[in-house]
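Worksheet for the structure shown next.
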Amino acid sequence: MIDLRSDTVTKPNEPMRKAMYNSEVGDDVYGEDPTVNKLQDMVSEITGMEDSLLVASGTMGNLVSLLTLTNRGEEIILGNKCHVYAWEGSGVSIYGGISMKIINNNNDGSFDLRELSNSINPLDDHKPKTSTISIENTHNQCGGSPLKIEFINSVKEIAEKNNLNIHMDGARLFNASIAQRLSVENIVKNVDSVTFCLSKGLSCPIGSIISGSKEFIIEARRWRKSIGGGMRQAGVIAAAGIYALENLVDRIEEDHVNARTLANGFSKIPEIIIDPEYVKTNILRFELSNKINLIEFSTELEKEGIFFNSSYGSIRMVTHYGITSKDINNVIEKTSKVIKSLLQ
Ligand SMILES: *Cc1c(COP(=O)(O)O)cnc(C)c1O
(Lines give C-alpha, C1' and ligand atoms only; values in the text may rest on other atoms or scores of the structure.)
Protein backbone atom coordinates (compact mmCIF):
# COMPACT_ATOMS: atom_id res chain seq x y z
CA MET A 1 0.00 0.00 0.00
CA ILE A 2 1.27 3.48 -0.90
CA ASP A 3 -0.65 5.81 1.35
CA LEU A 4 -0.57 9.39 0.07
CA ARG A 5 -3.69 10.51 1.93
CA SER A 6 -1.72 12.56 4.43
CA ASP A 7 1.55 12.87 6.31
CA THR A 8 -0.51 12.12 9.43
CA VAL A 9 -0.36 8.41 8.54
CA THR A 10 3.34 8.29 9.48
CA LYS A 11 4.16 5.92 12.31
CA PRO A 12 6.82 6.25 15.02
CA ASN A 13 9.99 4.39 14.05
CA GLU A 14 11.91 2.05 16.33
CA PRO A 15 14.23 4.63 17.97
CA MET A 16 11.29 6.99 18.50
CA ARG A 17 9.38 4.22 20.27
CA LYS A 18 12.45 3.50 22.40
CA ALA A 19 12.71 7.18 23.33
CA MET A 20 9.05 7.11 24.36
CA TYR A 21 9.55 3.92 26.36
CA ASN A 22 12.51 5.34 28.22
CA SER A 23 11.06 8.81 28.85
CA GLU A 24 11.19 10.29 32.32
CA VAL A 25 7.72 11.51 33.25
CA GLY A 26 5.77 13.53 35.84
CA ASP A 27 2.43 15.29 36.11
CA ASP A 28 2.43 17.96 33.42
CA VAL A 29 -0.68 19.73 34.76
CA TYR A 30 1.55 20.46 37.78
CA GLY A 31 4.29 21.46 35.32
CA GLU A 32 6.36 18.53 36.62
CA ASP A 33 7.00 16.43 33.55
CA PRO A 34 10.71 16.85 32.80
CA THR A 35 10.41 15.53 29.23
CA VAL A 36 7.55 17.87 28.38
CA ASN A 37 9.50 20.77 29.89
CA LYS A 38 12.56 19.81 27.86
CA LEU A 39 10.56 19.65 24.62
CA GLN A 40 8.89 23.01 25.32
CA ASP A 41 12.26 24.63 26.03
CA MET A 42 13.71 23.10 22.90
CA VAL A 43 10.86 24.50 20.81
CA SER A 44 11.20 27.98 22.37
CA GLU A 45 14.84 27.87 21.34
CA ILE A 46 13.86 26.96 17.76
CA THR A 47 11.07 29.55 17.43
CA GLY A 48 12.97 32.25 19.30
CA MET A 49 9.88 32.88 21.40
CA GLU A 50 9.74 33.09 25.19
CA ASP A 51 7.74 29.98 25.99
CA SER A 52 5.96 26.99 24.47
CA LEU A 53 3.16 24.57 25.30
CA LEU A 54 2.46 20.98 24.29
CA VAL A 55 -1.11 20.33 23.13
CA ALA A 56 -2.89 17.25 21.83
CA SER A 57 -3.36 18.30 18.20
CA GLY A 58 -2.99 21.05 15.64
CA THR A 59 -6.66 21.83 15.97
CA MET A 60 -6.26 22.24 19.73
CA GLY A 61 -3.19 24.42 19.15
CA ASN A 62 -5.08 26.76 16.86
CA LEU A 63 -8.12 26.82 19.13
CA VAL A 64 -6.12 27.55 22.30
CA SER A 65 -4.05 30.22 20.51
CA LEU A 66 -7.04 32.00 19.03
CA LEU A 67 -9.00 31.82 22.30
CA THR A 68 -5.99 33.38 24.03
CA LEU A 69 -5.57 36.20 21.50
CA THR A 70 -9.25 37.02 20.94
CA ASN A 71 -12.02 37.91 23.38
CA ARG A 72 -15.59 36.70 23.22
CA GLY A 73 -17.60 38.75 20.72
CA GLU A 74 -14.55 39.80 18.75
CA GLU A 75 -13.58 38.62 15.29
CA ILE A 76 -10.61 37.08 13.55
CA ILE A 77 -9.77 37.56 9.88
CA LEU A 78 -8.67 34.52 7.93
CA GLY A 79 -8.48 33.06 4.43
CA ASN A 80 -11.38 31.16 2.89
CA LYS A 81 -9.20 28.11 2.28
CA CYS A 82 -7.49 27.98 5.65
CA HIS A 83 -7.70 24.97 7.94
CA VAL A 84 -9.06 26.91 10.93
CA TYR A 85 -12.07 27.98 8.89
CA ALA A 86 -12.59 24.94 6.68
CA TRP A 87 -11.56 21.92 8.75
CA GLU A 88 -11.83 22.67 12.47
CA GLY A 89 -15.55 22.44 13.12
CA SER A 90 -15.90 26.15 13.99
CA GLY A 91 -14.26 25.56 17.39
CA VAL A 92 -13.42 29.24 17.85
CA SER A 93 -17.09 30.15 17.41
CA ILE A 94 -18.37 27.31 19.60
CA TYR A 95 -15.98 27.73 22.54
CA GLY A 96 -14.92 31.34 22.18
CA GLY A 97 -17.95 33.19 20.81
CA ILE A 98 -15.55 34.49 18.17
CA SER A 99 -16.71 35.30 14.65
CA MET A 100 -14.66 34.48 11.58
CA LYS A 101 -14.37 37.01 8.78
CA ILE A 102 -13.30 35.30 5.60
CA ILE A 103 -11.25 36.91 2.83
CA ASN A 104 -10.05 35.20 -0.35
CA ASN A 105 -6.85 33.20 -0.32
CA ASN A 106 -4.56 33.60 -3.32
CA ASN A 107 -3.10 30.43 -4.86
CA ASP A 108 0.05 30.77 -2.77
CA GLY A 109 -1.81 30.93 0.55
CA SER A 110 -1.46 34.70 0.89
CA PHE A 111 -4.28 37.20 0.60
CA ASP A 112 -4.68 40.57 -1.03
CA LEU A 113 -3.29 43.16 1.39
CA ARG A 114 -5.81 45.81 0.37
CA GLU A 115 -8.63 43.37 1.00
CA LEU A 116 -7.08 42.59 4.37
CA SER A 117 -6.86 46.28 5.33
CA ASN A 118 -10.36 46.98 4.11
CA SER A 119 -11.82 44.09 6.05
CA ILE A 120 -10.68 45.40 9.44
CA ASN A 121 -13.66 46.86 11.26
CA PRO A 122 -13.51 50.47 12.40
CA LEU A 123 -14.38 51.04 16.06
CA ASP A 124 -18.14 51.19 15.77
CA ASP A 125 -20.86 49.98 18.13
CA HIS A 126 -22.45 48.02 15.29
CA LYS A 127 -19.43 45.91 14.57
CA PRO A 128 -17.45 43.20 16.29
CA LYS A 129 -13.98 44.36 17.24
CA THR A 130 -11.38 42.90 14.88
CA SER A 131 -8.65 41.41 17.07
CA THR A 132 -6.61 38.82 15.27
CA ILE A 133 -5.36 37.83 11.83
CA SER A 134 -4.72 34.12 11.28
CA ILE A 135 -2.36 32.92 8.55
CA GLU A 136 -1.36 29.40 7.50
CA ASN A 137 2.17 28.22 6.68
CA THR A 138 2.60 26.03 4.69
CA HIS A 139 -0.86 26.42 3.24
CA ASN A 140 -2.52 23.02 3.05
CA GLN A 141 -5.37 23.74 0.67
CA CYS A 142 -3.18 26.03 -1.44
CA GLY A 143 -0.94 23.16 -2.54
CA GLY A 144 1.38 23.24 0.46
CA SER A 145 2.66 26.70 -0.44
CA PRO A 146 5.13 28.23 1.98
CA LEU A 147 4.16 31.85 2.71
CA LYS A 148 6.58 34.40 1.35
CA ILE A 149 8.37 36.20 4.14
CA GLU A 150 7.53 39.55 2.46
CA PHE A 151 3.84 38.68 2.77
CA ILE A 152 4.20 37.93 6.49
CA ASN A 153 6.07 41.22 6.97
CA SER A 154 3.31 43.15 5.19
CA VAL A 155 0.63 41.48 7.32
CA LYS A 156 2.65 42.53 10.36
CA GLU A 157 2.70 46.15 9.21
CA ILE A 158 -1.07 46.15 8.82
CA ALA A 159 -1.54 44.38 12.17
CA GLU A 160 0.67 46.88 13.95
CA LYS A 161 -1.11 49.87 12.48
CA ASN A 162 -4.45 48.47 13.62
CA ASN A 163 -3.40 46.96 16.92
CA LEU A 164 -4.16 43.38 15.87
CA ASN A 165 -2.55 40.07 16.84
CA ILE A 166 -1.24 37.56 14.33
CA HIS A 167 -1.52 33.79 14.78
CA MET A 168 0.30 31.44 12.45
CA ASP A 169 -1.13 27.97 11.87
CA GLY A 170 2.21 26.38 11.09
CA ALA A 171 1.03 22.76 11.08
CA ARG A 172 3.83 22.18 8.53
CA LEU A 173 6.14 24.96 9.70
CA PHE A 174 9.28 22.85 9.19
CA ASN A 175 8.28 22.18 5.60
CA ALA A 176 8.14 25.95 5.08
CA SER A 177 11.51 26.37 6.73
CA ILE A 178 13.22 23.64 4.69
CA ALA A 179 11.62 24.63 1.37
CA GLN A 180 12.66 28.26 1.74
CA ARG A 181 15.98 27.65 3.46
CA LEU A 182 14.84 30.02 6.20
CA SER A 183 15.14 29.39 9.91
CA VAL A 184 11.91 28.80 11.81
CA GLU A 185 12.87 31.74 14.01
CA ASN A 186 13.02 34.01 10.99
CA ILE A 187 9.65 32.81 9.68
CA VAL A 188 7.82 33.43 12.97
CA LYS A 189 9.56 36.62 14.11
CA ASN A 190 6.57 38.79 13.21
CA VAL A 191 3.75 36.70 14.66
CA ASP A 192 2.37 36.63 18.20
CA SER A 193 1.73 32.92 18.30
CA VAL A 194 2.53 29.89 16.19
CA THR A 195 1.50 26.27 16.35
CA PHE A 196 3.04 23.31 14.56
CA CYS A 197 2.27 19.59 14.41
CA LEU A 198 4.58 16.86 15.63
CA SER A 199 2.22 14.29 14.15
CA LYS A 200 2.61 15.13 10.46
CA GLY A 201 5.94 15.33 8.60
CA LEU A 202 7.75 14.89 11.91
CA SER A 203 6.20 11.42 12.22
CA CYS A 204 5.20 11.49 15.89
CA PRO A 205 2.07 9.62 16.96
CA ILE A 206 0.48 12.58 18.79
CA GLY A 207 1.01 16.23 19.56
CA SER A 208 1.41 19.81 18.52
CA ILE A 209 3.21 22.75 20.10
CA ILE A 210 2.30 26.39 20.58
CA SER A 211 4.91 29.12 21.00
CA GLY A 212 4.47 32.71 22.11
CA SER A 213 5.36 35.22 24.79
CA LYS A 214 5.51 34.23 28.50
CA GLU A 215 2.24 36.04 29.14
CA PHE A 216 0.58 34.40 26.16
CA ILE A 217 1.57 30.89 27.29
CA ILE A 218 0.26 31.51 30.84
CA GLU A 219 -3.16 32.34 29.37
CA ALA A 220 -2.90 29.52 26.79
CA ARG A 221 -2.34 27.02 29.64
CA ARG A 222 -5.60 28.14 31.23
CA TRP A 223 -7.49 27.69 27.96
CA ARG A 224 -5.88 24.33 27.34
CA LYS A 225 -7.06 23.10 30.74
CA SER A 226 -10.58 24.44 30.29
CA ILE A 227 -11.12 22.58 27.03
CA GLY A 228 -9.83 19.36 28.55
CA GLY A 229 -6.34 19.44 27.12
CA GLY A 230 -4.35 19.21 30.34
CA MET A 231 -2.45 15.92 30.10
CA ARG A 232 -0.61 14.17 32.91
CA GLN A 233 2.45 11.98 32.11
CA ALA A 234 2.66 13.53 28.67
CA GLY A 235 6.43 13.00 28.59
CA VAL A 236 5.71 9.78 26.72
CA ILE A 237 4.43 11.96 23.86
CA ALA A 238 7.02 14.68 24.30
CA ALA A 239 9.87 12.17 24.01
CA ALA A 240 8.72 11.39 20.48
CA GLY A 241 8.76 15.12 19.71
CA ILE A 242 12.29 15.53 21.04
CA TYR A 243 13.47 12.58 18.97
CA ALA A 244 11.80 14.02 15.84
CA LEU A 245 13.25 17.50 16.29
CA GLU A 246 16.71 16.01 16.74
CA ASN A 247 16.57 13.45 13.94
CA LEU A 248 13.74 13.88 11.46
CA VAL A 249 13.75 17.55 10.47
CA ASP A 250 16.39 17.51 7.73
CA ARG A 251 14.91 14.47 6.02
CA ILE A 252 11.77 16.50 5.18
CA GLU A 253 13.76 17.68 2.14
CA GLU A 254 13.35 14.15 0.77
CA ASP A 255 9.55 14.50 0.91
CA HIS A 256 9.80 17.71 -1.11
CA VAL A 257 12.01 16.10 -3.75
CA ASN A 258 9.57 13.18 -3.98
CA ALA A 259 6.59 15.49 -4.35
CA ARG A 260 8.32 17.42 -7.13
CA THR A 261 9.28 14.20 -8.94
CA LEU A 262 5.70 13.02 -8.69
CA ALA A 263 4.41 16.33 -10.06
CA ASN A 264 6.89 16.25 -12.94
CA GLY A 265 5.83 12.70 -13.78
CA PHE A 266 2.14 13.60 -13.62
CA SER A 267 2.65 16.64 -15.86
CA LYS A 268 3.54 14.25 -18.67
CA ILE A 269 0.37 12.18 -18.27
CA PRO A 270 -2.55 13.36 -20.41
CA GLU A 271 -5.75 14.35 -18.56
CA ILE A 272 -3.85 15.36 -15.41
CA ILE A 273 -3.85 19.09 -14.87
CA ILE A 274 -0.88 20.07 -12.74
CA ASP A 275 1.81 22.75 -12.65
CA PRO A 276 4.96 21.16 -11.16
CA GLU A 277 6.41 24.61 -10.45
CA TYR A 278 3.59 25.14 -7.98
CA VAL A 279 4.76 22.18 -5.87
CA LYS A 280 7.15 23.62 -3.31
CA THR A 281 6.76 21.26 -0.33
CA ASN A 282 5.22 17.83 0.33
CA ILE A 283 1.67 18.42 -0.96
CA LEU A 284 0.45 18.01 -4.54
CA ARG A 285 -2.92 19.24 -5.61
CA PHE A 286 -4.21 18.57 -9.07
CA GLU A 287 -7.31 18.07 -11.13
CA LEU A 288 -8.40 15.65 -13.82
CA SER A 289 -9.74 16.71 -17.19
CA ASN A 290 -13.46 16.13 -17.66
CA LYS A 291 -12.68 12.96 -19.64
CA ILE A 292 -11.78 11.18 -16.41
CA ASN A 293 -14.23 10.50 -13.62
CA LEU A 294 -12.69 11.18 -10.22
CA ILE A 295 -14.47 8.32 -8.44
CA GLU A 296 -13.47 5.77 -11.09
CA PHE A 297 -9.90 7.08 -11.03
CA SER A 298 -9.78 6.75 -7.26
CA THR A 299 -11.30 3.24 -7.28
CA GLU A 300 -8.85 2.00 -9.91
CA LEU A 301 -5.82 3.43 -8.11
CA GLU A 302 -6.99 1.87 -4.85
CA LYS A 303 -7.01 -1.50 -6.59
CA GLU A 304 -3.35 -0.81 -7.34
CA GLY A 305 -2.74 -0.08 -3.65
CA ILE A 306 -2.47 3.71 -4.04
CA PHE A 307 -4.51 5.92 -1.74
CA PHE A 308 -5.16 9.67 -1.76
CA ASN A 309 -7.75 12.23 -0.64
CA SER A 310 -9.87 14.55 -2.70
CA SER A 311 -12.07 17.49 -1.85
CA TYR A 312 -14.06 19.97 -3.89
CA GLY A 313 -13.06 18.17 -7.12
CA SER A 314 -9.32 18.46 -6.57
CA ILE A 315 -7.00 15.62 -5.63
CA ARG A 316 -4.43 15.84 -2.87
CA MET A 317 -1.41 13.62 -2.49
CA VAL A 318 1.03 14.06 0.38
CA THR A 319 4.57 12.67 0.56
CA HIS A 320 6.09 11.72 3.91
CA TYR A 321 8.46 9.54 5.92
CA GLY A 322 8.08 6.00 4.61
CA ILE A 323 7.35 7.01 1.01
CA THR A 324 10.43 6.23 -1.10
CA SER A 325 11.53 7.40 -4.54
CA LYS A 326 10.73 3.88 -5.74
CA ASP A 327 7.15 4.32 -4.51
CA ILE A 328 6.97 7.58 -6.42
CA ASN A 329 8.00 5.94 -9.69
CA ASN A 330 5.49 3.22 -9.00
CA VAL A 331 2.69 5.78 -8.50
CA ILE A 332 3.56 7.56 -11.76
CA GLU A 333 3.57 4.26 -13.66
CA LYS A 334 0.30 2.96 -12.18
CA THR A 335 -1.44 6.31 -12.63
CA SER A 336 -0.45 6.43 -16.27
CA LYS A 337 -1.80 2.90 -16.71
CA VAL A 338 -5.09 3.71 -14.96
CA ILE A 339 -5.64 6.86 -17.04
CA LYS A 340 -5.02 4.93 -20.25
CA SER A 341 -7.52 2.26 -19.24
CA LEU A 342 -10.15 4.85 -18.28
CA LEU A 343 -9.79 6.59 -21.64
CA GLN A 344 -10.67 3.43 -23.53
C1 LIG B 1 -3.52 19.08 9.97
C2 LIG B 1 -3.66 20.53 10.07
C3 LIG B 1 -4.16 21.11 11.25
C4 LIG B 1 -4.74 20.31 12.39
O5 LIG B 1 -3.95 19.38 12.94
P6 LIG B 1 -4.61 18.11 13.72
O7 LIG B 1 -3.45 17.61 14.51
O8 LIG B 1 -5.05 17.18 12.65
O9 LIG B 1 -5.71 18.61 14.54
C10 LIG B 1 -4.19 22.48 11.32
N11 LIG B 1 -3.78 23.24 10.30
C12 LIG B 1 -3.32 22.72 9.15
C13 LIG B 1 -2.86 23.62 8.07
C14 LIG B 1 -3.26 21.35 8.99
O15 LIG B 1 -2.82 20.83 7.84
Side-chain angles (χ1 to χ4, degrees), residues 3-12 43 53-67 76 78-92 94-95 100 102 105 107-111 132-147 152 166-177 179 184 187-188 191 193-211 220 223-224 227-229 231 234 237-238 240-241 244 252 255-256 259 280-285 308-312 314 316-321:
D3 194 348
L4 301 172
R5 286 174 304 166
S6 178
D7 43 11
T8 55
V9 302
T10 45
K11 293 174 184 167
V43 170
L53 186 68
L54 176 67
V55 290
S57 67
T59 302
M60 186 183 277
N62 286 330
L63 177 59
V64 164
S65 299
L66 291 165
L67 289 172
I76 56 179
L78 65 184
N80 63 327
K81 292 184 175 168
C82 77
H83 199 278
V84 171
Y85 173 62
W87 301 95
E88 296 183 12
S90 292
V92 290
I94 298 171
Y95 307 108
M100 291 188 270
I102 304 309
N105 271 122
N107 275 340
D108 65 356
S110 66
F111 19 77
T132 306
I133 302 167
S134 186
I135 55 179
E136 185 172 315
N137 196 14
T138 64
H139 203 293
N140 186 341
Q141 213 171 305
C142 293
S145 296
L147 290 180
I152 304 171
I166 305 175
H167 171 64
M168 181 183 283
D169 173 1
R172 297 184 179 83
L173 183 60
F174 287 89
N175 294 83
S177 160
V184 165
I187 292 174
V188 305
V191 303
S193 59
V194 64
T195 173
F196 69 84
C197 293
L198 295 167
S199 55
K200 292 186 171 167
L202 292 172
S203 309
C204 298
I206 311 164
S208 282
I209 310 264
I210 310 171
S211 272
W223 279 114
R224 183 185 69 168
I227 60 168
M231 296 184 281
I237 297 169
I252 287 176
D255 301 337
H256 297 178
K280 302 251 182 330
T281 61
N282 68 328
I283 298 179
L284 277 86
R285 280 193 185 269
F308 62 84
N309 277 336
S310 63
S311 62
Y312 309 113
S314 95
R316 188 187 79 162
M317 291 186 178
V318 185
T319 56
H320 51 77
Y321 190 37

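Worth knowing before you read on, the calculation uses all heavy atoms, side chains too, and leaves out hydrogens, waters and symmetry mates. Whatever order the structure lists ligands and atoms in, that order sets their numbers, starting from 1.
- Under 4.0 Å from ligand 1, not a single heavy atom of His139 appears.
- Of all atoms in ligand 1, numbered sequentially from 1 with element shown, those under 4.0 Å from a heavy atom of Glu88 are 10 (C), 11 (N).
- Proximity of Cys197 to ligand 1, defined as any heavy-atom pair under 4.0 Å, is confined to the side chain (atoms from C-beta onward).
- In this structure, the side chain of Asn105 engages the main chain of Lys81 through a donor-acceptor pair within 3.5 Å.
- Contact atoms of ligand 1 toward Gly58: 4 (C), 5 (O), 6 (P), 7 (O), 9 (O) (distance under 4.0 Å to a heavy atom of the residue).
- Within ligand 1, counting atoms from 1 as listed, the ones closer than 4.0 Å to a heavy atom of Ser57 are 7 (O), 9 (O).
- Rounding to the nearest 0.5 angstrom, the gap separating the CZ atom in Arg316 from the CG atom in Leu4 is 10.5 Å.
- Side-chain atoms of Thr281 come within 3.5 Å of backbone N or O of Gly144 as a donor-acceptor pair.
- At a heavy-atom distance under 4.0 Å, only side-chain atoms of Ala171, from C-beta outward, approach ligand 1.
- Taking every heavy atom of Glu136 and a limit of under 4.0 angstrom, the matching atoms of ligand 1 come to 13 (C).
- Residue contacts with ligand 1 for Thr59 involve both N, CA, C or O and side-chain atoms from C-beta outward (heavy atoms, distance under 4.0 Å).
- In the displayed structure, Tyr85 atom OH is contacted under 6.0 Å by at most 12 heavy atoms of other residues, nucleotides or ligands.
- Residues Leu63 and Trp223 are not in side-chain contact: their nearest non-hydrogen atoms beyond the backbone lie 4.5 Å or more apart.
- Closest to atom 11 (N) of ligand 1 among all protein heavy atoms lies Asp169 OD2, 2.6 Å.
- With hydrogens and angles ignored, the 3.5 Å screen pairs no side-chain donor or acceptor of Asn62 with any backbone N or O of Asp169.
- The residue Val84 has no part lying near ligand 1, judged by heavy-atom distances below 4.0 Å.
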TODO: Dump the intermediate steps for side chain to side chain donor-acceptor pair (under 3.5 Å) on His139 and Asp108, then the final yes or no.
DONE: CA-CA 7 Å; His139 203 293; Asp108 65 356; over 6 Å; no

Open item on the list: Between His167 and Ser134, does the side chain to side chain donor-acceptor pair (under 3.5 Å) criterion hold? Intermediate values first, please.
Closed with: CA-CA 5 Å; His167 171 64; Ser134 186; 4.9 Å; no

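- Counting only heavy atoms of the protein, atom 14 (C) of ligand 1 lies nearest to Lys200 NZ, 2.7 Å.
- Every N/O-N/O distance between Ser199 and ligand 1 stays at or above 3.5 Å.
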